[in-house]
Number of protein chains: 2
Amino acid sequence: MSPNKENYLKTIFELEHDHQKISNKNIAEMLNISAPSVTEMLAALTKEGLVTHTPYNEISLTKAGLAQARELVRKHRIWEVFLANKLHYAMADVHAASDILEHATDDKLADRLNDFLGHPKRCPHGGIIPGNSEEENDSDVTLATLVPGDAATLQRVIDNHDFLSYFEDLQLHLNERLTSVKKEPFSGPFIVRTDDRETVAISENAAGFMFVTDVVKGTAEEQDKQ
Amino acid sequence: MSPNKENYLKTIFELEHDHQKISNKNIAEMLNISAPSVTEMLAALTKEGLVTHTPYNEISLTKAGLAQARELVRKHRIWEVFLANKLHYAMADVHAASDILEHATDDKLADRLNDFLGHPKRCPHGGIIPGNSEEENDSDVTLATLVPGDAATLQRVIDNHDFLSYFEDLQLHLNERLTSVKKEPFSGPFIVRTDDRETVAISENAAGFMFVTDVVKGTAEEQDKQ
DNA sequence: CTTGCGTATTAGGCAAACCGAAAAAATGTC
DNA sequence: GACATTTTTTCGGTTTGCCTAATACGCAAG
C-alpha cells in the first residue's frame, strides 16, 4: 500500500469522524489535489476492496479500509506522543512530522514505540489512541456551547497548526477544568476561568475547535448575571 | 528529493566507502533494479548536480551529492541507535527499519533525536555517526587478517541481516578485545579468545566482515606454535 | 418541468521511475 | 588485432498518480 493511498483512507476516516460530508470535493481539498484524481483513486481503492463508491453518490470505507485507516491514526498519534514527550516538540509541530513518519512505520515498530511510551491513552491534542483506551470515541461538544456558569473539562483540541500555535499562547492545558465566565456579544471573546482562578479570553472561533467533557450546568442565578 | 534518489546517492556513497567499484552494475544490484534504470537515474542526478557521470566511464558524487549522502547515513545510524537502545530491536533488525525511517526524517527531527540519544558516536554495528565523532573514518582492517597471537579490538561489523543474525549467535561484543588463537587450514574456522578467556570459532567468511583496530602483533614464539 | 449551477466523471495527457530487447562501447582472450 | 563476452546505453513501452478541459449528472428554484 502506497503512502498515497494510505492518505486517502485516513482522509475519509477523518471526514467521517468529524461528521463532515464525505464528498469528492472535500477529499480533494483535504489532500490538495484535483477532483478527477480523487475519482480515479476511489476507483482503485474500490477495486482493492477498501472503499465503497457508487458514482455520483456515496463514498465510505469498507471494514478493511476502516481497519487500515484506524491503524494509520494509531501510528500517527503514537508518533505525536513521542515527539511531544520525548523530543520536546511544540504541540503545533507534532502533526506535520507524524504525517510523514506514520507511513514509515510497520506494526512492529508501532508496538515497540507504544510500549516505550507506556501505552498513552491520548495524543498531545487529546485524541484517543486506538487500542490503548477502552473508550473509542472523542467528545464532540465544543467549548463554544457552554453558557456562563457552566463548567467542563478540556479534553481535546483540533489538530491544526495555526490553531495550535494560538492555543499554546493561551496557556491552557488539556484535562484542565474550565468555568465559563462571560460571553461577549457580537461573536466577541469567550471568557473562562481556570482552576487556579486565572481568566482567559478565547476567540469564539477558537472555542469551536476545543472539545470538552463532563459539562456541569451553572445555577440559574449565575446565568442571570450575564 | 524523492526517497528514491536518496537511495541512489547513499548506494554510491557506500560503494565508495567499502572501496568497491562504483559501476552501473553494482548500483543496480544493490538497489535491485535494472541497469537501464540506473543509467536513466544517473542522468537525472547529474542534471541536478549531485553526481558526475561520464558515459561508459566514471561515476562519482559531487560535493553536494556527498553532503546529502552523508546526511542520509547520519539519519540512518541515529535511527539504528534509537531502535537498538530504546526499543530493544535485535541488532539484525535495525537496518531495514532505519532504511525506511531515514527518508521520513528532516534535519530538525534528526537533531532532536540525536540530542535525545546523547550524541552517540557509533551505531549498533560500530559505524561512526557523522557529526558526532572527531574521527570520520572506520577501520577497514578485518579480523581475518590477524595471525595467531595478534590481539585487536572489534570495532565494527558489516550491516547485513544474515551476517548479523550469525554474529548475534556468536555472543561477541563490539569494543571487546580479541586475541587470535588459531587459524584452521583449508579456510577453516578462525578461533579467537575474548578477554574473559572464552574461545569462539568464527567462519573465515564472517571474519572478513568484522573490522578491528589497535592491532598488537603477537610474539614470534606464539606464532610458531601455530 | 425546465433551466442553471455546482459537483462528479470521462477523456486525453504529462512526468517519474521502472522494465526488456537491442545496439554500442569497453574489456578480456587468443 | 580480431573476436567473444561483459557492461552500458538507447529505444520503445508500462504503471502510477497527477493534471486540465470537456461532458454528464443531480438538485433546487423558478
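Reckoned from all heavy atoms, side chains included, excluding hydrogens, waters and symmetry mates. Lettering of chains follows the sequences in order, A, B, ..., and the numbering in each one begins at 1.
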Using residues 54-63 of chain B as the side-chain source, report each donor-acceptor pair under 3.5 Å to any protein atom, sequence neighbours left out, with the distance given to one decimal.
from     : atom 1 : to       : atom 2 : distance (Å)
Thr54(B) : OG1    : Glu58(B) : N      : 3.4
Thr62(B) : OG1    : Gly49(B) : O      : 2.7
Thr62(B) : OG1    : Leu50(B) : O      : 3.1
Thr62(B) : OG1    : Ala64(B) : N      : 3.4
Thr62(B) : OG1    : Gly65(B) : N      : 3.1

What's the CD1-P distance between Ile27(B) and dC18(C), to the nearest Å? 13 Å
From CE of Met1(B) across to P of dA16(C) the rounded distance in Å is 12 Å
Pair His103(B), Asn7(B): side-chain N/O donor-acceptor within cut-off below 3.5 Å: yes
Side chains of Asp159(A) and His95(A) only: does a donor on one sit below 3.5 Å from an acceptor on the other? yes
NZ/NE/NH1/NH2 to OD/OE distance under 4.0 Å, Glu102(B) and Lys10(B): yes
Rounding to an integer number of Å, can you tell me how far Leu31(A) CG sits from dT16(D) C1'? 16 Å
Length of the line joining Glu6(A):CD and dT16(D):C1', which is rounded to integer Å: 16 Å
Any side-chain N or O of Ser37(A) less than 4.0 Å from the OP1 or OP2 oxygen of dC19(D)? yes
is_close_aromatic(Phe82(A), Phe82(B)), centroid dist under 6.0 Å: yes
Just how far, in rounded Å, is P of dC19(D) from CG of Asn4(A)? 10 Å
Interatomic distance where CD1 belongs to Ile33(A) and P belongs to dG17(D) [whole Å]: 11 Å
Whole-Å distance separating the NZ atom of Lys47(B) from the P atom of dA17(C): 11 Å
With a 4.0 Å limit, can you tell me whether Ser2(B) has a side-chain N or O closer than that to the phosphate oxygens OP1/OP2 of dA17(C)? yes
Do Arg74(A) and Asp111(A) sit within salt-bridge range, that is, some charged N less than 4.0 Å from a carboxylate O? yes
Nearest-Å distance, CG (Asn32(A)) to P (dG17(D))? 18 Å
For every nucleotide of nucleotides 4-15 of chain C, 5' to 3': is a protein heavy atom under 4.0 Å from its base (B), only from its sugar-phosphate (S), or from neither (-)? ---SBBB-----
